Structure formats: structure tokens, C-alpha cells
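Notes to accompany the following structure.
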Amino acid sequence: GGAWAVACRRRWCGGGAGEGGAAGRTGATGLSVPGNATRKAHIQLPAAGAVGGIVTDTSGGTLAGVRVVADPVGGGLGGSAFTGPGGRFEIDGLTPGTYDVCFDAAGSVSGGTSSTGYLSACNAGVAWSPGDQIPATATAVAVASGSVTTVDGTLAPAGVLTGTVTDTSSRPLQNVAVDLYVGGQPAGEGVTDATGAFRISGLAKGTYAACFDASEAAGPAPAGYADACAPGVVWNDGVTQTDMPPPPSGASTVAVAAASTTRVATTQLEAFGVVSGLVTDPAKHPLTDVQVDLFPSGGGTSYRGATAPDRT
């Protein structure tokens, strides 16, 4: 015996739509069941609603492969669907309520007239990056029980930025992380391939600073390469990619136009040098785990190492 919260399989009962257990759901109906007894529960499920429409580009061409997301305002369980060959989509099984509808163009989108992809957006053309919070300025729509709410989307063409990263001998560097910034804020990212080339798509029209994180770069230099921002400005060497700061003063910018590919000049990264030696006690016995710090005489980034069991 005991008290139970009754939940439907497809949607939680009452006003608590979402994923997870029934316990504690807002609006769930309590049901008391005595020991060694059977009690029937009569549950009425409201007819679900749906969101449907057509997604096109600014020239009116239909777009297939766009992921359309319906997200309930205030939280809960929404839904998603991909547009078909005619740009049409329908997301059904939605609990009646108010939803933000957004169009994710980051995948394999076909159709339309753009050769450089499209910009993701929410309803009414509000800019949006998939994975980010839906902007507060997005226009929400009402979904009613037993009906389909029409929401059409129009996506603008995106810009593309390409380039190549090498060492100072013009040898290509692979696995260099390329980070783009607008006004000091992250605005795009990519990584170089085996030829040192990178291509970053889905960019809005604007002016970008390009910086290069070589912490995992693959190249001939045994000690690795110095991080830099175009056109070769030193960029906080010795830290991981997640800790990278905004571009320093002196970093150049490049203008990216919509519906076009912009190429930046080849960036060359300098190889790190190596300092080695042996640390001993007065009796010439090698010492391990001694911290060694290097400080540039003119100031700048310092570096740290430690002596190892192999006496280096």
C-alpha cells in the first residue's frame, strides 16, 4: 500500500511534461492504494498538437535536411523533425502549450541557391547557434490540442572562411584548432586537416579574428608549436584550448561576406625550442622531481618543467 503519482507513458499526467520519474511532477495526480487492494485509475489524455511548415532560403527555394526543433517555453518535453525534399516538416505529439521553434542548418542541408550553407535561426529570423540557449527575442507560437500550428522558416545564406596553417618552413600542420572571434567573443571553430587546411562554415556576415591553438598540432617539431593569432601575434602559449583568452591587440581581422567563401592568408606557426640539462646534488647524484622554471629576460610567457627519473 501507499501513495503513488500516476503517470501516462507518452506524457506525464497533469502539467508536468518532460523526462524523468513521476515523483514530484507538477500537476501529477496522487493516487492512494491500500495494502492488498486493487484500485482503478481513469486517465483522460488530451489530444496532442503539432507544429508544421515549410523551410526555404531567401530566394524561395525549399531546403531539405534542416532539423526543426520545438522547445516548450518554460521547459518540458518538446520534439524535432527534419525537413523533407520539399522543405516540409511536421512535429507531432506535442502537449498543448507555447513553443519556441528553431531551425538548425548545421547538418547536411540541400536545396536552395547557396553553395556556402545557411544560418541557423529561430522563428521570425532570430539568429541562433545550435546548442546555445534559445534567444529571449525568439517569437513563440501557441500549440493547441488536436491541431497543427503553421510555422514557416526562411534561412539566410552563410559565409565560409578557409585557410592553411604551416610551420615556418611551409610544412603543413595538422590538428591545429582554429578559433574565430567577433568583438572578443567566440564565433566559430574548426581544425586543420593533413594538408594544414581548414574550412569553417555557417558564419554570419561580419569581421572575424582568427587564432590558432597548436597544443595538439601534428608536425615535425618534437617540442610542438607556439599558439598565435593572424598574422602571427603570440597568443597565450602553454594553456589548454578551453582556457584560451580573447585575441590580443595586434591581431588582424578578416571580413566574411554572406553567400561567399573568404580565404585568409597562410599562417605560419613557430616551433618551440628545447632546453635540457641535468640537476644534481653536491655529490653529483641526479635529482628527480625538481621543478625547473624558465623566464624570458624581456618578459612574456614563462615555462615550467621537472627533472625525470631518466636523469633529464
Side-chain angles (χ1 to χ4, degrees), residues 7-20 22 25-29 43-114 117-158 187 202-205 258:
C8 359
R9 187 168 186 268
R10 183 176 180 86
R11 293 286 186 272
W12 294 110
C13 298
E19 297 178 346
R25 289 286 169 186
T26 301
T29 302
I43 302 173
Q44 284 189 320
L45 302 181
V51 171
I54 301 176
V55 180
T56 63
D57 67 4
T58 51
S59 69
T62 57
L63 301 179
V66 176
R67 181 172 177 262
V68 186
V69 178
D71 189 58
V73 175
L77 184 63
S80 65
F82 285 90
T83 57
R88 293 186 177 277
F89 73 92
E90 184 170 308
I91 306 170
D92 58 14
L94 299 177
T95 300
T98 306
Y99 289 77
D100 287 315
V101 179
C102 297
F103 307 93
D104 178 359
S108 299
V109 177
S110 60
T113 59
S114 174
Y118 296 90
L119 296 175
S120 300
C122 291
N123 186 32
V126 175
W128 171 65
S129 295
D132 288 353
Q133 265 194 330
I134 294 175
T137 53
T139 302
V141 299
V143 174
S145 175
S147 65
V148 178
T149 300
T150 299
V151 182
D152 295 329
T154 302
L155 301 185
L203 300 177
K205 177 182 177 181

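The model shown is predicted, which means the values in this text are computed figures rather than measured ones.
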Exercise for the section: Determine the minimum heavy-atom distance between Ser120 and Ala106, stating which atoms define it. Expected result: OG-N, 3.9 Å

Exercise for the section: Examine distances only and state if a side-chain atom of Asn123 and a backbone atom of Thr139 form a donor-acceptor pair shorter than 3.5 Å. Expected result: yes

Problem - Any donor-acceptor pair under 3.5 Å from Ser145 side chain to Pro96 backbone - result: no

Exercise for the section: May I ask you to decide if Ala156's main-chain N or O and Thr58's side chain share a donor-acceptor pair within less than 3.5 Å? Expected result: no

Practice task
Please round to the nearest 0.5 Å and tell me the distance separating atom OG1 of Thr137 and atom CH2 of Trp128.
Solution key: 13.0 Å

Problem - Within-4.5 Å side-chain heavy-atom neighbours: Ile134 and Cys102 - result: yes

Practice task
Indicate the atoms forming the closest heavy-atom contact of Ile54 with Gly86, along with that distance.
Solution key: CG2-O, 3.9 Å

Handout entry: Sidechain-backbone polar pair: Thr98 side chain, Val73 backbone, donor-acceptor under 3.5 Å
Key = no

Problem - side-chain contact (heavy atoms from CB on, under 4.5 Å), paired with Asp132, selected from Pro135, Pro130, Ser129 - result: Ser129

Handout entry: Shortest non-hydrogen separation from Lys205 to Ala258 and the atoms involved
Key = CB-N, 4.2 Å

Problem - Heavy-atom check, side chain of Val68 versus side chain of Ile91, under 4.5 Å - result: yes

Exercise for the section: Would you sort out whether Phe103 and Val151 count as a side chain to side chain contact (heavy atoms under 4.5 Å, CB included), showing the intermediate values? Expected result: CA-CA 11 Å; Phe103 307 93; Val151 182; 4.2 Å; yes

Practice task
Could you grab the distance from atom CG of Leu119 to atom OG1 of Thr154, nearest 0.5 Å is fine?
Solution key: 12.5 Å

Exercise for the section: Would you give the length of the straight line joining atom CZ of Phe89 to atom CG of Leu63, rounded to the nearest 0.5 angstrom? Expected result: 12.0 Å

Completion exercise
Note: Val148 and Gly52 closest approach over all heavy atoms is CG1-N, 3.7 Å

Fill in the blank from the handout: Scanning both residues in full, the closest heavy-atom pair of Thr113 with Ser59 reads CG2-OG, 3.4 Å

Completion exercise
Heavy atoms of Asp92 and Ala50 approach each other most closely as CA-CB, 3.8 Å

Exercise for the section: Could you check if a side-chain atom of Leu155 sits within less than 4.5 angstrom of a side-chain atom of Asp57, using non-hydrogen atoms only? Expected result: no

